[in-house]
2 protein chains.
Amino acid sequence: MAQHGKMSILKAYLETKGLKSTAQRDFIADTFFKTNTHISLEELLSKVKRKNKNIGYATVYRTMKLLGESGLAIARQFGDGQTRYENLPEDGHHDHIICMKCSKIAEFQNQKIEQLQSEAAKKLGFTVVNHKLELYGYCAGCAGGDKA
Amino acid sequence: MAQHGKMSILKAYLETKGLKSTAQRDFIADTFFKTNTHISLEELLSKVKRKNKNIGYATVYRTMKLLGESGLAIARQFGDGQTRYENLPEDGHHDHIICMKCSKIAEFQNQKIEQLQSEAAKKLGFTVVNHKLELYGYCAGCAGGDKA
DNA sequence: ATTATTATGATAATAATATTCATTTTCAAT
DNA sequence: ATTGAAAATGAATATTATTATCATAATAAT
Ligand SMILES: [Mn+2]
Ligand SMILES: [Mn+2]
Ligand SMILES: [Zn+2]
Ligand SMILES: [Zn+2]
């Protein structure tokens, strides 16, 4: 989806919640929509401050929380103690594999896995709303050196 | 495995690391080995203090870290911001499904999923060392009331 | 028993996240 | 355009889980 499309969705979401549009929010959201990584708040704040020096951490934090709630951003935790956000993927849900040496992150989709998850849950009487699947290992570049 | 078996393994592990055996460590480990839940440090400390009031948080923390390193305990994070530990399962690795309403946790094993994970990783040039799979949803008891 | 090494536990430091609050901004009504 | 209630901002502070510090105590090899 294009930037302006996401902006419209955000505006609509704010309206339904009785929240107001502000220059800071728009700028933070716009900056985030342009990213294509799994960005931490610290990184996003730094990026935002380059153009708009007087935007505070709290506003970035609150804006990303809003984007998360609206579904425009997905919060991820890859075990390094920092929440990261990524843009809502075009092609639907995906999971991640993280290199334990160089921290490279690859994404994959596997419909069969998703289906088996639902089945496993069903057997236990659960219905699945969402899930977290992260694989940790070594990427092609790092596998040679140290597999421990 | 029985308590004394785990204790022996722990003793052996301590020895290889040049660490010493202490009454506190033994008591904390013993208390943990008797649990069959996913217990937080706070909960474990509370349990320990009932019998041994002057054991400190730091010792519980350090002992569980040791148990984790030795493979006798597995650290889990279910998204509530607290690390939880569970005993090394008898029957090998398992994954979890957590009820978003009552926090009930069910466990399951699915070899097919594990295999598909490895295959997905291989396609991306990764080798998998470990993984985290958590399903979030509603248990049988909670599904009726509020599926949102 | 001596003694070097490690453990303990109270306390403090970290670090990420969340909240407070005085001030500023938004926006609908006038 | 002005007003004013409601919400947002940002600096600072609070919270929370985790980790480190350090003086004292316990361990275990000699
Ligand atoms: Mn991703
Ligand atoms: Mn478990
Ligand atoms: Zn790598
Ligand atoms: Zn439930």
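Each chain gets a letter, A, B and so on, in the order the sequences are listed, and its residues count up from 1. As the structure is a computational prediction, the values presented were derived from the model and not from experiment.
With both pairing distances under 3.5 Å, dA29(D) is matched to dT2(C) as a Watson-Crick or G-U wobble pair. Base pairing of dA1(D): its partner is dT30(C), meeting the Watson-Crick or G-U wobble criterion (both donor-acceptor distances under 3.5 Å).
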Distances for protein N or O near nucleotides 12-14 of chain D N or O, under 3.5 Å:
none

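Comparing Gly81(B) and Gly56(A) by the nucleotide of DNA chain D whose heavy atom lies nearest to each, the residue mapping closer to the 5' end is Gly56(A).
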Go through Glu69(A) and Lys17(A) one step at a time and tell me if the salt bridge (charged side-chain N to carboxylate O under 4.0 Å, His left out) criterion holds.
CA-CA 11 Å; Glu69(A) 289 166 11; Lys17(A) 292 286 179 176; 5.8 Å; no
Dump the intermediate steps for salt bridge (charged side-chain N to carboxylate O under 4.0 Å, His left out) on Lys11(A) and Asp26(A), then the final yes or no.
CA-CA 9 Å; Lys11(A) 290 278 164 66; Asp26(A) 287 357; 3.7 Å; yes
Under the side chain to side chain donor-acceptor pair (under 3.5 Å) rule, what do Glu107(A) and His38(A) come out as? Steps first, then yes or no, please.
CA-CA 11 Å; Glu107(A) 301 173 338; His38(A) 305 86; 3.0 Å; yes
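Between Gln109(A) and Asp95(A), every side-chain heavy-atom pair lies at or beyond the 4.5 Å cut-off. Proximity of Ile39(A) to Arg84(A): side-chain heavy atoms (C-beta onward) are nowhere separated by under 4.5 Å.
One interatomic measurement links the two molecules: OH of Tyr85(B) to C1' of dT18(D), which rounds to 10 Å at whole-angstrom precision. Phe27(A) places its CZ atom 18 Å from the C1' atom of dA8(D), with the value rounded to the nearest Å. What separates CG of Leu45(A) from P of dA11(D) is a distance of 10 Å, to the nearest Å. As a whole-Å value, the separation of Ile55(B) CD1 from dA10(C) C1' is 15 Å. Distance Leu10(B) CG to dA7(C) C1': 14 Å, rounded to the nearest Å. The interatomic distance linking Glu15(A) (CD) with dA6(D) (P) rounds to 18 Å, in whole Å. Spacing between atom CG of Leu14(A) and atom C1' of dA6(D) amounts to 15 Å, rounded to whole angstrom units. Distance Asn54(B) CG to dT24(D) C1': 14 Å, rounded to the nearest Å.
Residue-environment remark: NZ (Lys49(A)) exceeds the threshold of 12 foreign heavy atoms within 6.0 Å. Heavy atoms of other residues, nucleotides or ligands lying less than 6.0 angstrom from NZ of Lys132(A) number more than 12. Counting heavy-atom neighbours within 6.0 Å of Glu42(B) CD, excluding the residue itself, gives a total of 12 or less.
In this structure, the ring of His131(B) has its center no less than 6.0 angstrom from the ring center of Tyr136(A).
Using cut-offs of 30° and 60° on the angle between ring planes, the pair Tyr57(A) and Tyr61(A) is parallel.
Scanning residues 17-25 of chain B for heavy-atom distances under 4.0 Å to DNA chain C yields Gly18(B), Leu19(B), Lys20(B), Thr22(B), Gln24(B), Arg25(B). Residues from residues 61-76 of chain A lying near DNA chain C, meaning a heavy-atom separation below 4.0 Å, are Tyr61(A), Arg62(A) in numerical order.
For the OP1/OP2 pair of dA17(D) and a distance below 4.0 Å, the side-chain nitrogens and oxygens of Thr83(B) include no atom meeting the criterion.
Closest of all the heavy-atom pairs between Ile97(B) and Phe108(B) is N-CE2, 4.3 Å.
Of the residues listed (Thr59(B), Thr63(B), Asn52(B)), the one engaging Phe27(B) in a side-chain contact (heavy atoms from CB on, under 4.5 Å) is Asn52(B), and it is the only one.
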